[in-house]
Student: 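The structure is given below, and queries will be raised subsequently.
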Number of protein chains: 2
Amino acid sequence: MNVTLRQLRAFTAVYRTRSITRAARELGITQSATSLLIQQIEAQLGVRLFDRSTRAVQPTRAADEAFHAAERMLSDAQVLSRRMRDLAEARAGRVAFLASAGAASALLPRVLAKFRAAHPAIEIDIRDVAADDLVPRMIATDAEFAIGSVEGEISEMTVETLTSGRLSAIGRRTAEFAARRSLTWDELAQQPTIAMRSDTRIRMQIDLALGLEGKRLTPTYEVTLINTALAMTAQGLGLAILPATMLPADQFPTLIAKPLIRPAITRPVSLLQRQGRTLSPAAQAFVAVARTVLASRT
Amino acid sequence: MNVTLRQLRAFTAVYRTRSITRAARELGITQSATSLLIQQIEAQLGVRLFDRSTRAVQPTRAADEAFHAAERMLSDAQVLSRRMRDLAEARAGRVAFLASAGAASALLPRVLAKFRAAHPAIEIDIRDVAADDLVPRMIATDAEFAIGSVEGEISEMTVETLTSGRLSAIGRRTAEFAARRSLTWDELAQQPTIAMRSDTRIRMQIDLALGLEGKRLTPTYEVTLINTALAMTAQGLGLAILPATMLPADQFPTLIAKPLIRPAITRPVSLLQRQGRTLSPAAQAFVAVARTVLASRT
DNA sequence: GACATTCATAGGGAAAGCTCATGAATTGAT
DNA sequence: ATCAATTCATGAGCTTTCCCTATGAATGTC
């Protein structure tokens with residue numbers, strides 16, 4: 001056998017109070033139990049810790065030395081408990097995840113704001129990567145989860161759709177544009193348009209879907225970053241072709257999105273996580289917030 | 001309930017080996033017991049520490065954090081155990097005691113030499129005080145014991161005679177002196193003598209004992225320190241009147257002691273310790289050595 | 001697809017832990 | 001000085017914990 005924290009607790013209590021009876025009260029056990037614990041730890045350590053008469057309890061030299069070590073261990077135990085409890089209740093900790101650049105700029109700000117309000121002490125480490133890199137980086141790094149658009153299944157991973165945005169035309173809130181419910185891709189062809197470049201995932205999906213219908217997108221401008229497209233739209237250079245979810249309303253209050261139809265194309269934003277691995281409580285809390293915040297959108 | 005060291009041991013073993021089965025082997029318990037310990041500590045801390053499939057065990061973030069704290073506590077426990085064991089077996093520690101100046105100079109060197117050989121790592125703190133101060137200092141300070149001449153009983157203390165030296169005439173090893181078995185106090189009066197000053201304990205005892213016999217000591221020289229008396233004797237200035245135990249043979253190889261009789265006066269050297277207080281193991285070891293070393297003398 | 005490995009769970013017996021009751025020693029008050 | 005009160009130690013008995021054996025379920029391997 002070995003010394004136990006229980007014994008150490010009894011020891012420090014007796015040491016401090018200089019009394020087995022008082023220590024017992026403090027520990028919430030009986031005097032006899034405390035007496036036994038002291039005998040046990042003495043036997044365990046092979047050293048007398050208290051000179052006990054029927055009247056008084058006097059710590060020995062060895063006890064003086066042991067006391068500090070014991071206190072330290074008990075304090076460590078308490079710190080550990082508290083820390084773990086904080087982690088469990090997402091009062092502390094750290095959430096590190098991957099986000100595709102698009103998701104990071106358009107979707108995450110709202111999620112982050114809400115999460116921060118609920119869990120102010122949790123560190124957040126967002127690693128924003130190009131959409132193509134999302135899955136490879138997820139496999140390679142220790143990120144707990146990833147948010148972004150993912151096609152198909154990935155082995156060892158679970159994919160959950162958080163929200164899916166319809167491909168939309170985004171333009172300034174003119175009376176004429178605001179009145180529309182939707183636009184067809186054909187109608188779009190008449191106007192100046194701003195689309196993502198052909199080597200982006202969004203564009204590939206568009207080209208693929210239109211191709212199946214025998215159609216083709218010929219944008220006026222092609223850009224790499226979503227924000228660039230939106231900024232250009234805000235300047236009136238044309239309609240941006242993007243999933244509606246990618247429009248941060250607060251950042252571009254003048255812009256509105258109208259779904260594109262014939263064909264309607266939706267682009268999911270998914271949560272990616274490792275199969276069989278529980279998320280840290282902090283990450284769970286974050287994902288929960290993301291689900292509720294994003295679910296409210298189309 | 002609370003987290004136990006047992007659980008922490010299981011936790012660190014599983015964390016390191018990444019396997020409950022291997023950890024169980026390491027701990028010397030069964031796999032099922034180990035599995036239970038992990039479940040317990042998880043319940044205790046309120047946090048999942050391992051993602052377990054039927055096949056593998058994967059530590060969580062929380063486990064990474066907890067691991068260091070756990071290792072520290074376990075290492076503290078081990079250090080504490082070892083330290084206490086060392087103290088118990090007098091392989092480490094410290095012995096602080098009081099010694100009257102006479103005892104310190106004449107008796108202790110041999111004791112110290114032997115003790116040091118047997119217990120090289122123990123710190124020794126000798127507080128040599130005037131004979132009169134021995135008891136007051138013993139009461140006032142935290143010395144574990146005291147060595148010196150003590151008369152009568154002292155409350156709260158136990159007095160044990162370690163050795164008692166007969167008052168003797170100490171002189172150079174001349175043929176004539178060496179041949180004698182003893183001297184009477186009367187014979188002594190014919191020769192130059194060196195005695196302790198009247199305000200010393202030794203002298204007081206002598207004067208008292210001689211007074212009872214109607215005799216009186218009139219020394220040629222009176223000194224305060226024993227060593228002074230011996231040095232003077234070695235120079236041939238006269239016979240030193242001291243307890244035989246006070247003559248360190250190795251320091252004054254030319255001197256020998258002959259008991260003084262009519263009356264024979266003995267002066268005890270005692271060990272003084274607090275009643276009801278156990279000595280530290282180091283002190284016990286020291287006292288044991290002192291007893292054996294001093295017992296061999298008259 | 002059979003086999004081996006790994007973790008989880010159930011049952012039972014051993015050990016530990018706690019409480020209650022009691023005893024012994026000492027202090028303080030009447 | 002006696003008596004009451006306090007304090008620590010010990011023993012009996014009960015409850016809880018602990019651990020082992022046996023078995024089941026899942027997964028990877030040949």
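In what follows, chains carry the letters A, B, and so on, assigned in the order in which the sequence lines appear, proteins first and then strands, with residues in each chain numbered from 1. Worth knowing before you read on, the calculation uses all heavy atoms, side chains too, and leaves out hydrogens, waters and symmetry mates.
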Student: Base, sugar-phosphate, or nothing for B/Q31, non-hydrogen atoms under 4.0 angstrom?
Tutor: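 Since a base atom lies under 4.0 Å of B/Q31, the category is base.
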Student: Rounded off to whole Å, could you give me the CG-to-P distance for the B/L36 and C/dA8 pair?
Tutor: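 For the pair B/L36 CG and C/dA8 P, the rounded distance is 9 Å.
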Student: Relative to the 5' end of DNA chain C, which residue comes earlier, A/L37 or B/A56, by the nucleotide with the nearest heavy atom?
Tutor: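 Whichever sits nearer the 5' end wins; that is B/A56.
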Student: Strictly below 4.0 Å, N to O, side chains only: are B/R291 and B/E160 in salt-bridge contact?
Tutor: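 Yes, charged N to carboxylate O under 4.0 Å.
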Student: Whole Å only: how far is the CG atom of B/D51 from the C1' atom of C/dA8?
Tutor: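 One finds 15 Å between C1' of C/dA8 and CG of B/D51, rounded.
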Student: For B/A33, report the nucleic acid contact type (base, sugar-phosphate, nothing); a contact means any heavy atom under 4.0 Å.
Tutor: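 Contact class for B/A33: sugar-phosphate only.
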Student: Rounded off to whole Å, could you give me the CZ-to-C1' distance for the A/R6 and C/dA16 pair?
Tutor: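 Checked: the CZ to C1' distance equals 10 Å.
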Student: Closest heavy-atom contact between A/F97 and A/F286?
Tutor: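 Of all heavy-atom pairs spanning A/F97 and A/F286, the closest is CZ-CZ, 3.5 Å.
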Student: Give a yes or no on whether a salt bridge exists between B/E71 and B/R9, defined as a side-chain N under 4.0 angstrom from a carboxylate O.
Tutor: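 Here B/E71 does not pair with B/R9 in a salt bridge, since their nearest N and O are not under 4.0 Å apart.
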Student: For B/Q44 and D/dT17, give me the distance from atom CD to atom C1', rounded to whole Å.
Tutor: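 About 14 Å, once rounded to whole Å.
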Student: Hey, is the side chain of B/T30 poking within less than 4.0 Å of OP1 or OP2 on D/dC20, counting only N and O atoms?
Tutor: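 So the side chain of B/T30 is within the cut-off, an N or O lying under 4.0 Å from OP1 or OP2 of D/dC20.
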Student: Pick from B/R274, B/R277, B/R127: which one makes a salt bridge (charged side-chain N to carboxylate O under 4.0 Å, His left out) with B/D142?
Tutor: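 For B/D142, the salt bridge (charged side-chain N to carboxylate O under 4.0 Å, His left out) test succeeds with only one of B/R274, B/R277, B/R127, which is B/R127.
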Student: Nearest-Å distance, CD1 (A/I29) to P (C/dC20)?
Tutor: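 Distance, rounded to whole Å: 12 Å.
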Student: Would you mind classifying the nucleic acid contact of B/S32 as base, sugar-phosphate or nothing, using non-hydrogen atoms under 4.0 angstrom?
Tutor: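 Base contact - B/S32 has a heavy atom under 4.0 Å of at least one base atom.
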Student: Round to a whole Å and report the spacing from CD of B/Q58 to C1' of C/dC7.
Tutor: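 These atoms are roughly 15 Å apart.
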Student: Can you check the B/L27 CG to D/dC20 P distance for me, whole Å?
Tutor: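 B/L27 atom CG is separated from D/dC20 atom P by 10 Å.
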Student: Taking atom C1' of D/dA26 as reference, at what distance in whole Å does atom CZ of B/R52 sit?
Tutor: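 Taking atom C1' of D/dA26 as the reference, CZ of B/R52 is at 15 Å.
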Student: Please tell me which of the listed nucleotides, C/dC7, C/dG17, D/dC8, lies nearest to the side chain of A/V57?
Tutor: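 Selected nucleotide: D/dC8.
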